[in-house]
Amino acid sequence: MRSVVYADRFIDDVAAIYSERVLSLLDRRLAAIESHPLIGSPNVRPSLIERFGPTLRTFPVPPFTIVYRYDDTQDKLEFLALPFDKTVR
């Protein structure tokens, strides 16, 4: 069975969201990732790799981006952060 871990940083980032629309979208995106962990993009900005390490994936939740890691050998999914995406308009 897949283990899912939410880093403190991720939890803090989510707690700062006040938009019900964004929270609802986030719930749907998290469920999609939990069902299909390779759905996110492996093309991650270098600044995120510097901050969180290698083997990251990202998935958009405008105006944020879910940053997570999936270890298929352990079937472990780690949600690391939800930074504001400055490229979203």
Side-chain angles (χ1 to χ4, degrees):
M1 183 171 169
R2 178 166 300 134
S3 67
V4 179
V5 176
Y6 297 90
D8 290 341
R9 163 79 188 260
F10 185 85
I11 293 168
D12 290 344
D13 291 345
V14 172
I17 299 173
Y18 293 100
S19 167
E20 288 298 322
R21 181 191 63 77
V22 173
L23 289 170
S24 177
L25 179 59
L26 176 62
D27 283 342
R28 292 191 307 271
R29 298 284 168 95
L30 291 175
I33 293 169
E34 289 179 24
S35 296
H36 307 283
L38 300 178
I39 195 171
S41 173
N43 298 323
V44 178
R45 293 190 318 254
S47 62
L48 292 174
I49 294 170
E50 287 175 16
R51 187 176 305 152
F52 299 106
T55 68
L56 299 177
R57 292 177 123 20
T58 59
F59 200 77
V61 181
F64 303 97
T65 299
I66 298 170
V67 178
Y68 71 99
R69 176 180 294 117
Y70 176 62
D71 180 342
D72 61 344
T73 60
Q74 296 181 22
D75 200 18
K76 182 179 180 182
L77 183 58
E78 296 176 272
F79 292 104
L80 302 171
L82 190 67
F84 182 75
D85 188 345
K86 297 175 183 113
T87 64
V88 175
R89 302 206 188 275

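From a predicted model like this one, the values you see are computed outputs, not experimental measurements.
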Would you say the side chain of [Y] lies within less than 4.5 Å of the side chain of [X], judging by non-hydrogen atoms?
X: Val67; Y: Phe59; value: no
X: Leu25; Y: Pro62; value: yes
X: Pro63; Y: Val22; value: yes
X: Leu23; Y: Val14; value: yes

About how many Å separate [atom2] of [Y] and [atom1] of [X], when rounded to the nearest 0.5 Å?
X: Leu56; Y: Arg51; atom1: CG; atom2: CZ; value: 11.0 Å
X: Leu82; Y: Phe10; atom1: CG; atom2: CZ; value: 5.0 Å
X: Leu80; Y: Ile66; atom1: CG; atom2: CD1; value: 11.0 Å
X: Ile11; Y: Phe79; atom1: CD1; atom2: CZ; value: 11.5 Å
X: Ile17; Y: Phe64; atom1: CD1; atom2: CZ; value: 4.5 Å

| message | Assess the residue pair Arg28 and Ser24 against the criterion (side-chain hydrogen bond (donor to acceptor under 3.5 Å, both in side chains)); give the C-alpha distance rounded to whole Å, side-chain angles, the decisive distance to 0.1 Å, and a yes or no. | response | CA-CA 6 Å; Arg28 292 191 307 271; Ser24 177; 2.8 Å; yes
Of all heavy-atom pairs between [X] and [Y], which one has the smallest distance, and what is that distance?
X: Lys76; Y: Val5; answer: CE-CG2, 3.8 Å
X: Leu77; Y: Pro37; answer: CD1-CB, 4.2 Å
X: Asn43; Y: Thr58; answer: O-OG1, 4.3 Å

| Whether Arg2 side chain and Glu34 backbone form a donor-acceptor pair below 3.5 Å | yes
Could you see if [X] belongs to whatever hydrophobic cluster contains [Y]? Use Ile, Leu, Val, Met, Phe, Trp, Tyr and a side-chain cutoff under 4.5 Å.
X: Leu48; Y: Tyr6; result: no
X: Val4; Y: Val61; result: yes
X: Phe84; Y: Leu30; result: yes

| Who passes side-chain contact (heavy atoms from CB on, under 4.5 Å) against Thr55, sequence neighbours left out? | Arg69
| Among all residues two or more places apart in sequence or in another chain, which pass the side-chain contact (heavy atoms from CB on, under 4.5 Å) test with Arg57? | Leu38, Pro42, Tyr68
| side-chain contact (heavy atoms from CB on, under 4.5 Å) between Asp85 and Arg45, worked out | CA-CA 11 Å; Asp85 188 345; Arg45 293 190 318 254; 4.2 Å; yes
